Engineer: 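The structure's right below; bear with me while I get my questions together.
Just so we're clear, the structure is a prediction, and the values are computed from it rather than from any experiment. Every chain is numbered from 1 and lettered A, B, ... according to where its sequence line falls, protein lines coming before strand lines.
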There are 2 protein chains.
Amino acid sequence: MTSEQVITVHGERELAARTVPLFTGVTSEFICAATDLDTWSHRDTRPRMRPALAEDGLVVRKLYTPAAPAEEEQRDHLLTLVGMGARVRICATGLPNETIIIDRRVMILAGAATPGDREFTITTSPTLINGVYALFEATWEAATELTAYLHRDPPQVDAEGRRILRALGDGLTDEVAARRLGLSLRTYRRRVAELMRLLGSESRFQAGVHAGEFGLIP
Amino acid sequence: MTSEQVITVHGERELAARTVPLFTGVTSEFICAATDLDTWSHRDTRPRMRPALAEDGLVVRKLYTPAAPAEEEQRDHLLTLVGMGARVRICATGLPNETIIIDRRVMILAGAATPGDREFTITTSPTLINGVYALFEATWEAATELTAYLHRDPPQVDAEGRRILRALGDGLTDEVAARRLGLSLRTYRRRVAELMRLLGSESRFQAGVHAGEFGLIP
DNA sequence: GGAGCAATGGCAGGTTGCTGCCAGGCGTTG
DNA sequence: CAACGCCTGGCAGCAACCTGCCATTGCTCC
């Protein structure tokens, strides 16, 4: 039996001191998963990433929630990254605390956002890293490419719309669904027509496919 | 700055010695992600799980790849677990090395299956665990319930069926689609009805959702 | 208050989708 | 050949869905 160290640092200051050499020394792969861009790694790596990305052989993968491309500034930055060769995907389901894996040798996990300093852990344990790496792969596979994600019209569906989509997804007839949602048949169908226009669908089947693709049928 | 230990053990023997008390001491949540059931945790926990599951308040979540329910024996075992109150989901995309999180306080990650002994790491670092936990959540959300997964008839859709699904997904009316596929309207609708029965759908919208879920609309 | 506006819901008449029934074609089997 | 089963496609009738029109309601703004 052996034991390995997991270094825990408090606050971004201390973290930066320890990780700057890591970021500049990336050779083969840089992986990052986070909810949005408003994180230390964003602020920290932006100036340093550019030269690294220019080289060949370096894979940069970034995984975010839909919150990231929601704001224009962040979306533009993401597109810039894509233009520089990074691969960016959006994951419809909730995402982890920030996770970074460098060259599959070093991993940094961010703790919960507490009022005081945040905690970060840095580890080099191959077993730990491989485990998290595989988990990341699974999430990555299920996510959609940023470009494809932005290509879709922003499906801004409100709560009622989602209830209607759920009714449709449950296979209810319009009459039953309308009654269940407290709408008149006419209004329900109006809503459905609006949703179909919103989804760019020309038939209910197609609308079902689209709604599924947008993750609106949970 | 503090540092925490990650214990690395070699071989299942040594692991069992360290983890048996953990397994028996589960109080609130037991999470397991793996490719299939042929793992140490399966062999190890089967006898001990039963009483724990009987109690209320204990959540057991298990995440597997489609390989797990492929074999009848394993499928039966999974269904038994479900019957005992565990939640089992199947993740279409690749899955991690075996991961176990107990009460969100202890985490065990399995290393790669090397010819010799396997490595396992045991850690209690909250930051590490929370990070992996959130990653697990994301994968879990994207996965489908075992019962729903088994409920699907094996979506054995032949080439014509897929052409029809594509026509539906393109939003064509039955008349246009039938003409384009060289079928009579009647036969086309027969096919659609068959597909809907196959997909377990009660409306075309629902069929669209299901077809999308099965990846039949590329 | 009254004009304007947006949302609602009833109605009517249309299209589309769904299915039972039956007639015909085609290959297999006795 | 005849009988049988299977698939096809036309027809008819029904159910479901779609939408234009208009009266009503509730709201803001002048």
Engineer: Taking atom P of D:dC18 as reference, at what distance in whole Å does atom CD of A:Gln206 sit?
Structural biologist: 13 Å
Engineer: Has the side chain of B:Glu29 got a donor or acceptor atom that lies under 3.5 Å from a matching backbone atom of B:Asp103?
Structural biologist: no
Engineer: For the base of C:dG17, is there a side-chain donor-acceptor partner from B:Arg204 under 3.5 Å away?
Structural biologist: no
Engineer: Whole Å only: how far is the CG atom of A:Leu183 from the C1' atom of D:dT25?
Structural biologist: 16 Å
Engineer: Checking A:Arg163 against A:Glu160 for the salt bridge (charged side-chain N to carboxylate O under 4.0 Å, His left out) test, could you report, in this order, the C-alpha distance in whole Å, the side-chain angles of both residues, the deciding distance, and whether it holds?
Structural biologist: CA-CA 5 Å; A:Arg163 277 197 296 274; A:Glu160 187 190 42; 5.2 Å; no
Engineer: Between D:dG9 atom P and B:Arg179 atom CZ, what is the distance in whole Å?
Structural biologist: 15 Å
Engineer: Given atom CD of B:Glu202 and atom P of D:dC17, what is their separation to the nearest angstrom?
Structural biologist: 12 Å
Engineer: Within this structure, what is the CG-to-C1' distance between A:Leu185 and D:dT19, rounded to whole angstrom?
Structural biologist: 12 Å
Engineer: Let me know the distance between OH of A:Tyr188 and C1' of D:dC18, rounded to the nearest Å.
Structural biologist: 13 Å
Engineer: For the side chain of B:Arg189, starting at C-beta, report the closest nucleotide among C:dC21, C:dA7, C:dG17.
Structural biologist: C:dG17
Engineer: Report the distance from atom CD1 of B:Ile164 to atom P of C:dG17, rounded to the nearest whole Å.
Structural biologist: 14 Å
Engineer: Calculate the interatomic distance between A:Leu168 atom CG and C:dG17 atom P; express it in whole Å.
Structural biologist: 16 Å
Engineer: When you match A:Glu194 and B:Met196 each to their closest nucleotide on DNA chain C, which lands nearer the 5' end?
Structural biologist: A:Glu194
Engineer: Hey, is the side chain of B:Thr173 poking within less than 4.0 Å of OP1 or OP2 on C:dT16, counting only N and O atoms?
Structural biologist: no
Engineer: Between C:dT8, C:dT19, D:dT19, spot the one nearest the side chain of A:Arg191, thanks.
Structural biologist: C:dT8
Engineer: Can A:Asp170 and A:Arg180 be counted as an ion pair, charged N to O under 4.0 angstrom?
Structural biologist: no
Engineer: Between A:Glu145 (side chain) and A:Arg89 (backbone), is there a donor-acceptor pair under 3.5 Å?
Structural biologist: no
Engineer: Please name the residue in the list A:Val106, A:Ile108, A:Ile129, A:Leu109 that meets the side-chain contact (heavy atoms from CB on, under 4.5 Å) test with A:Ile101.
Structural biologist: A:Ile129
Engineer: Tell me whether the side-chain N/O atoms of A:Arg186 come closer than 4.0 Å to OP1 or OP2 in C:dA7.
Structural biologist: no
Engineer: More 5' along DNA chain D: B:Ser203 or B:Arg190, using each one's nearest nucleotide?
Structural biologist: B:Arg190
